[in-house]
Amino acid sequence: MPGERYDPQEIEPRWQQLWADERTWEVSNVDDGRPKSYVLEMLPYPSGEPHIGHLKVYSVGDAIAHFRRRNGHRVLHPLGYDAFGLPAENHAIRTGRHPRQSTEESIAEFQRQFRRWGISIDWSREFGTHEPSYYRWTQWLFLRLFEAGLAYRDQAAVNWCPKDQTVLANEQVIDGRCERCGTAVEKRDLEQWFFKITDYADRLLDDLDTIDWPQHVVTMQRNWIGRSEGARVTFHCDALDTDYEVFTTRPDTLFGATFFVMAPEHPDVLRLSDSSEVTEYVRRSQTESAEDRGAEDKEKTGVALGATVANPVNGEQIPMFVADYVLMEYGTGAVMAVPAHDTRDFAFAEKHGLEIRRVVEGGHELPYTGDGPLVNSQRFDGKDNREALAEIIAWLGEDGRGEPAVNYRLRDWLLSRQRYWGCPIPVVHCPTDGIVAVPDDQLPVELPDVEDYAPKGRSPLAAAEDWVNTTCPKCGGPARRETDTMDTFVDSSWYFLRYTDALNDQAPWGRDVVDEWMAVDQYIGGVEHAILHLMYARFFVKALADLDLLSAQEPFDALFTQGMVTRDGAKMSKSKGNVVSPRDLVESHGADTARCYILYVGHPAEGGDWSDDGIEGIHRFLQRLYRAAEGMQAGSVEPEGEPSDLVRKAHWAIDKVTRDLGERFATHTSIAAVIELVNDLYRQRDQVDASHVRFAVATAASLIFPFAPHLGSELYERLTGDRVWETPWPVADPALLQSETFELIVQVNGKLIDRVAAPTDVERDEQERLARASTKLAARVDGGEIVKTIVVPGRLVNFVVQ
RNA sequence: GCGGAUGUGGUGGAACUGGUAGACACGCGGCGUUCAGGUCGCCGUGAGCUAAUCACUCGUGGAGGUUCGAAUCCUCUCAUCCGCACCA
C-alpha cells in the first residue's frame, strides 16, 4: 500500500516550533489546586555533544512527565548544565581553547539537540552552573555552611592526583586511581577545605528508610557510610606518658590483644622511635601509591617501635609496631592486634613471630573470627563472647578505660580543588583576621579570565595577581583571596533547588517556592552517581534544612536508575567504534523513532542492546500507525453501536499502558501494547464499523504520545482537532476489559491437555462441568481415577489423576 | 574475601500476587502486490518425532526439594555483571 509517507523531518520541527512559541511546558509557581509533581533527570555535563545515554534518560523522564501532566499533575520538568569541572578544563587544555568557550559551545549543541528531540522542558528555568548568576548562590550557600561550622579548613593526608594536579575527595578515588583520568593517586599532607558530612552520617543512614530508591543504591550508600559499633579503648604508653585510644568492634577479644600497631602517618610514630629502620619504613609507605599499599594479598610488613603499651584489661605490656596495614584515616590510626581472631593481625603475628593467644573457642584452627565462649579472659571465661562484649565495655567504663563508640567509614567531603574551571571559594586570607568570609553583598566572587589555566600543583588563580590581592572585609588591610575552587559536585548538590526559583536575584530561592516544589518526586539518572552525587545532595538538603532555609529532609523521594545502552553486548565507546550518535539517528529516522526504540529494547532500568535492525521495526510501527490515519478528518472518535473486539483491544491497551508506565516504568511493554493495538487495527479494520477504527487510531495516538510526542500530537489533532497534551489520559472501561468468553484451561496433573470456551461469568461448578466434558480428558484419565479437582475460577481446572 | 543483581527460542526481550512459557519486535520462511529487487499487506516460525499447522515427548544455566501445579518459592551449585575491599 503506497499512500502518504510518514515524514518525521516535516512533522517533528513543526510541533517543536509550536511548543516553543506557545511556551507549552512552562509551569507557574502558583498553586492552582492540582497536585504538584517534580520530575527531574540528572543534569548533563556539557562536553562535546549529547550521547545515547542522554537520549535515554530524557526519553524516560519525558514519558513520565507527559504521563503525569495528562493525569492532572502540575509538572515541573526543568533542565540545566553541570558546566564547571575537570573534563571541560582538560579538554580545553588539550585543544588550547578556553574552557568557557568550549563549554558554552557544547551547551549550545545540547540545547539544539534537546529541542530537536522534543523533550518537554520548562526552558524558562534553564541555567548553567558556571554562570555568575548561579554560582553567586553556590558561594552564598558555602558561606552559610561556613558560618555554621559545616565548612572548615584543615590539614590532612589527602588524595592527590599527579596528572590532574589537584586533590580529590575519597569518593573520587576508585581502586586507588583518579576517577577522571585513571592515574594512581598519591597521599599528600595538605591544608584543604572540607564539608562536615560526617556530622550527618547517622541521618544519612537512617533516612534511607524514608525514600523510594532502588535497593542496590540504598545498599551502596549504607556500605559507603559504613557504620560500625564497638568501643573506644585506652592503652597507656609509659615511654611518652600518653594514652592511645583505639576503636574496636571486638572488645570481647581484648584479652587476646598481644601487640599494638600504628599507621605510618601517625604523628607519634617518629616520636616513639627515630631509628633509621622506622624512619625509612615511614618514608617508604608514604611514597607508595594508594593502590600498591592496598593490594589484596600484600605481605604484612612493619617495624617494631621498641616501646610498649599497657593492655587495659590485664595491665600486660604489649609491644608496639608501625605497619602500613593500619590506616590513618579510619578510626584513630592505631589498633590493638588480636592475632587469634583477626586474619590481618594473624598474618602479621606469624610473619614477625608474635604471640597468638586464643580467647574465643570455636573453629578448627586460628584465626577464628566467629563466635563462642571466652577463654583466657579471667572473670569472663565461659561467657558467650557476644554477651561478654557489652559487659567488658561497661567494666572498662567504670574507671574510664573505655566506652561504647560508633565509627564510620564515611569521611568529610574534601571540596577544594587546585584548578581553574570551578566556582571560587568566597573567602580571603588576612594576615590579621585569618580566614574572612566575603560579605554577601560582594558576591559573586567572579572567576577571572586568565591566560594560563594549566594545572601547576597550585591553583592557576594564584597567578592572577590583580584578582588575588584584595582588602580584608573586616580590617580593610591588604589580604589575599582564596585561590582554590570548589569541586563540581558542590554545584550539582543544590541545582534542583534553584530550578524552583531560577530567576530569583535576591536569594537562591524563595522559601515558599522551594517548599512548594520540593522534594523531587521522580529523579532519573545513571547508577554511576549512586554514591557521589546522591550522597552529597542528600547532605546539602539536610544541612540547609538545619539552617532553616528549606523544609525538605531529602532531595529525591523516588529514584529511577536507567541501565546502560550497549551495542553487541559491549559498552559504546569511541575506541571500540561502536558509538551510535543521537544526531545521526534523529536525522535518519526522526526523534520519535529514536526515543521509542530506546524505550522498547528492554525495561529502561536494565541495559538494552542496540541493534540497527531493531530500530527499523519501531520505525515501521510508527509508519503503520501514521498510515492508519490516512484520509481521516477531524470529528468524533467515539465508537458507535456494540463494542467490537477492536474497541475492546483499545481499552485493553489503555489499561495496559496506564499500569505498565504509571506503576513500574515499563516503557517496553507499554509500547508493545500499542503495537498490538495497531496490528489488530490493520487486521480488523475491514470488518468493523468505521467509528471503531477511528477510536482505535485516536487511542493509539493518545497512548503513544508520551513516547513519540510529535506523532501522537499530529495524529490526535488530525482526528479530533484537539491537542493531545491538553487531553486527559484515557481511562479504560472495566466492562470492556473482559470479553464474554474466555479460554478455559483443562489440566491433568498440572499439564495442559485442552482449552475450551467458557462464559466469563461462569459459576464454579459449571466451570468444572465444562472442563470435565472435554473429550481429551477421557482419553487422559483412561483407566485411572480422578482423585482431586482444583478449580481456579475464570482460569483453569486441574484434575489430579492416579 | 564481603555485599548485590542477572541467567528464558537464532537475537532483544514478555509472563501482575505460583496457574496456557516464549507477548511484542528483530531475524528467517511462505503467499500476494511487482518484470525483478525493495517497500507494503497477510500467514508461519522453541526443540524433538512426524506427510501433517493430528497426536505425543522435552523445554526457562545445572542438581535436588516444596506443591494438584514452579521461569516464579526453598536448598545447593555453575556462569556473567556490578559495588566495596588491609575499615580494626
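Just so it is clear, the values below take in all heavy atoms, side chains as well, and ignore hydrogens, waters and symmetry mates. By convention in this document, chain letters (A, B, ...) are assigned in the order of the sequence lines, proteins followed by strands, and residues within each chain are numbered from 1.
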*On a whole-Å scale, what distance lies between the P atoms belonging to B:rG12 and B:rA5?*
22 Å
*If you check every side-chain atom of A:R659, which of B:rA15, B:rC16, B:rA23 has the closest atom?*
B:rC16
*Does any N or O donor sit under 3.5 Å from an N or O acceptor when you compare the side chain of A:N223 with the base of B:rC84?*
no
*Measure from NZ or CZ of A:R685 to the centre of the six-membered ring of A:Y682, then state whether that distance is under 6.0 Å and the direction lies within 45° of the axis.*
yes
_Inter-nucleotide P distance (B:rC81, B:rG64), Å rounded_ = 28 Å
*Between atom CZ in A:R620 and atom P in B:rU39, what is the gap in whole Å?*
7 Å
*With both distances under 3.5 Å as the test, what is the Watson-Crick or G-U wobble partner of B:rG41?*
B:rC31
*Can you tell me how far C1' in B:rC54 sits from the matching atom in B:rC49, rounded to whole Å?*
13 Å
*What interatomic distance, in whole Å, is found between P of B:rU8 and the corresponding atom of B:rG62?*
10 Å
*Does A:F348 have A:K300 sitting over its ring (NZ/CZ under 6.0 Å from centre, angle to axis within 45°)?*
no
*Would A:H266 and A:Y244 satisfy ring pair (Phe, Tyr, Trp, His ring centres under 6.0 Å), going step by step from the backbone distance to the final call?*
CA-CA 11 Å; A:H266 197 290; A:Y244 288 113; 5.7 Å; yes
_Euclidean distance, atom CZ of residue A:R222 to atom P of B:rG3 [Å, nearest integer]_ = 15 Å
*For B:rG37, is chi within 90° of 0 (syn) or not (anti)?*
anti
*What is the pairing partner of B:rC81, taking Watson-Crick or G-U wobble pairs with both distances under 3.5 Å in any strand?*
B:rG4
*Check if the side chain of A:Y682 and the base of B:rC42 share a donor-acceptor pair of N or O atoms closer than 3.5 Å.*
no
_Carboxylate-amine/guanidinium contact A:R764 A:E768, below 4.0 Å_ = no
*Atom P, compared across B:rA71 and B:rU60: separation rounded to whole Å*: 7 Å
*With both distances kept under 3.5 Å, what pairs with B:rC76, Watson-Crick or G-U wobble?*
B:rG62
*Pick base, sugar-phosphate or nothing for A:E616, based on heavy-atom distances below 4.0 Å to the nucleic acid.*
nothing
*Mind checking the P distance from B:rC28 to B:rC76? Whole angstroms is fine.*
45 Å
*A:F260 and A:F321 aromatic centres sub-6.0 Å*: no
*What's the closest nucleotide to the A:T219 side chain, out of B:rG19, B:rA15, B:rG3?*
B:rG3
*Paired with B:rC56: which nucleotide, if any, by Watson-Crick or G-U wobble criteria at under 3.5 Å for both distances?*
B:rG48
_P atoms of B:rG65 and B:rG59, separation to the nearest Å_ = 14 Å
*Expressed as a whole number of Å, how far does the C1' atom of B:rU33 sit from that of B:rG41?*
8 Å
